[in-house]
J.: 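Dropping a structure here in C-alpha cells format, bear with me for questions.
Order of appearance sets the numbers: ligands from 1, and atoms from 1 within every ligand. Residue numbers start at 1 and run along the sequence shown.
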Amino acid sequence: MASSQDRIRPLIAGNWKMHKLPSEATAWLRAFLEDLAATEHGHCDVLLNVPSTHLAPMAALARGTDVMLGAQDVSAHQQGAYTGELSAAMLRDAGARYVVVGHSERRAYHAEDDALVNAKLLRSLEAGLVPILCVGEREDERLAGRAREVVLRQLEGGLQGIEPSGPEALVIAYEPVWAIGTGRTATADDAQEMGAAIRAAVVERFGDTGRALRLLYGGSMKPGNAAELLERDDVNGGLIGGASLDAAQLLAIVEAAR
Ligand code: PGA
C-alpha cells in the first residue's frame, strides 16, 4: 500500500450510459446532492458521466457542489459538417469537465479503433476536457493469455501524441469487457496486476505525471466489492455503470473509497 502522503485521490465516476430522462436525472441529482452532503466524501472526487442531453440541466444544479459532470463520447473533429456529432467544446460549454473515450461499447458497436480513440483524446485535451481513456480485453483474449498485450496496445494506440499538462488532465480506466454489466468482477489481484502494468506504461511515457495519474477499474463494481478493489495502489477509483444509477449504491462506493 502507498503511504497516506502519496495516496492518489480517488475518483468515483458513474457511467450512466443511455439511462434516465433529463427530468428524472435532475430529480435524482437533487436527492443525491442532499445524501452526499450527509455522507463523508471529502476523501474523493465524484463524477457523473451522463447522456449529453442531461449535461446542461444537471450542471446548473451541480454548480458549486462536489459533483462534477462528464460526457460519454465526443467527436474526433473540432467542428464542421458532421451531422449528429458533438464537439468537445460543445460538451464543455454544456457543463462537462470530463469525457469517457473509447468505452468498449463504443469500440464494439460503433467500430471505434485506437486511431479514432486517439483523435477523440486529442480533441478533448485541446478543449480543456479531461478524457477518461477506457482500455480492456475481451474474455477470449484473456483466456488466450493476451490480456496484458491487448491492454498495452490499446494504451499505446490511444496515447499517440498525447501530452497531459499534469496528472489531473488525463484518466485511464481499465475495464475488462467480460466484467462489464455481467455481474462478474475482476479479482482485486487481477485489477491491481493490470493497473500496475498500465502504471509502468504511463510512467515510461509521462514520467512523474504518469506516477500520479488516476487509474480506474470498471466492470461490475458494487458496494460489496468496491473497498477491496479501491485499496489497491493502482486502482485509484472506479468507473461504475449499473450501480451508479442507484444513489444509495453510488454513495456506498464513495464511502468504500476511504
Ligand atoms: P458496469 O459498467 O459497472 O455496469 O459493469 C461499467 C462500465 O461500462 O463503465
J.: Side chains of His103 and Glu175: any donor to acceptor distance under 3.5 Å?
T.: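 Their side chains do contain a donor-acceptor pair, which is all the 3.5 Å distance test asks for.
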J.: Taking the side chain as C-beta and beyond, is there a heavy-atom pair between Phe206 and Arg211 under 4.5 Å?
T.: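 Of all side-chain heavy-atom pairs linking Arg211 with Phe206, none is under 4.5 Å.
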J.: Any salt bridge between Arg232 and Asp189, counting N to O under 4.0 Å?
T.: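 Judged by the 4.0 Å cut-off on N to carboxylate O distance, Arg232 and Asp189 do form a salt bridge.
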J.: Report yes or no: does Lys222 have a heavy atom closer than 4.0 Å to ligand 1?
T.: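 In this structure, Lys222 fails to qualify as a contact of ligand 1 - no heavy atom is under 4.0 Å.
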J.: Which of the numbered atoms in ligand 1 are below 4.0 angstrom from a heavy atom of Gly181?
T.: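 The atoms of ligand 1 under 4.0 Å from a heavy atom of Gly181 are 1 (P), 4 (O), 5 (O).
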J.: Taking N or O atoms only and a 3.5 Å limit, does Gly219 qualify as a polar contact for ligand 1?
T.: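 In this structure, Gly219 places no N or O atom under 3.5 Å from an N or O of ligand 1.
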J.: With a 4.0 Å cut-off on N to O distance, would you call Arg214 and Asp45 a salt bridge?
T.: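 A salt bridge links Arg214 with Asp45.
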J.: Looking only at protein heavy atoms, identify the closest one to atom 4 (O) of ligand 1 and say how far it is in Å.
T.: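 The closest one turns out to be Gly242 N, 2.9 Å.
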J.: Looking at Arg142 and Glu139, is there a salt bridge between them, counting it only when a charged N and a carboxylate O are closer than 4.0 Å?
T.: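 Salt bridge flag = no for Arg142 with Glu139.
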J.: Looking at ligand 1, does any of its N/O atoms fall within less than 3.5 Å of an N/O of Thr182?
T.: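 No: no nitrogen or oxygen of Thr182 is under 3.5 Å from one in ligand 1.
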J.: When only distance counts, is Ile180 in polar contact with ligand 1, meaning an N/O pair under 3.5 Å?
T.: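 No, since none of the N or O atoms of Ile180 sits under 3.5 Å from an N or O of ligand 1.
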J.: Taking atom types as modelled and ignoring hydrogens, do the side chains of Gln154 and Asp114 form a donor-acceptor contact shorter than 3.5 angstrom?
T.: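 Gln154 vs Asp114: no donor-acceptor pair found between side chains.
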J.: For Lys17, counting its heavy atoms only, list the atoms of ligand 1 lying under 4.0 Å from any of them.
T.: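 That gives atoms 2 (O), 7 (C), 8 (O) of ligand 1.
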J.: Quick one: which ligand 1 atoms are inside 4.0 Å of a heavy atom on His103?
T.: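 Under 4.0 Å from His103, ligand 1 has these atoms: 7 (C), 8 (O), 9 (O).
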J.: Any side-chain to backbone donor/acceptor pair from Tyr174 onto Ile198? Under 3.5 Å, distance only.
T.: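 No; zero donor-acceptor contacts below 3.5 Å.
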J.: Tell me, which protein residue and heavy-atom name are nearest atom 7 (C) of ligand 1, and how many Å apart are they?
T.: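 Result for atom 7 (C) of ligand 1: Glu175 OE2, 3.2 Å.
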J.: Just jot down the ligand 1 atoms closer than 4.0 angstrom to any heavy atom of Ala179, in number order.
T.: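 Counting from 1, the qualifying ligand atoms are 5 (O).
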J.: Say whether Glu105, considering both its backbone and side-chain N or O atoms, lies within less than 3.5 Å of an N or O atom on ligand 1.
T.: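 Among all N and O atoms of Glu105, none is under 3.5 Å from an N or O of ligand 1.
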J.: Under 3.5 Å between some N or O of ligand 1 and some N or O of Gly241?
T.: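 Right, the criterion is met.
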J.: Side-chain contact, heavy-atom cut-off 4.5 Å: Arg153 with Arg146?
T.: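 Side-chain contact under 4.5 Å: yes.
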J.: Is the ring pair His77/Tyr82 parallel, tilted or perpendicular, if the boundaries are 30 and 60 degrees?
T.: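 If you compare the ring of His77 with that of Tyr82, the planes turn out parallel.
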J.: Any non-hydrogen atom of Ser220 lying under 4.0 Å from ligand 1?
T.: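 Distance cut 4.0 Å: Ser220 passes for ligand 1.
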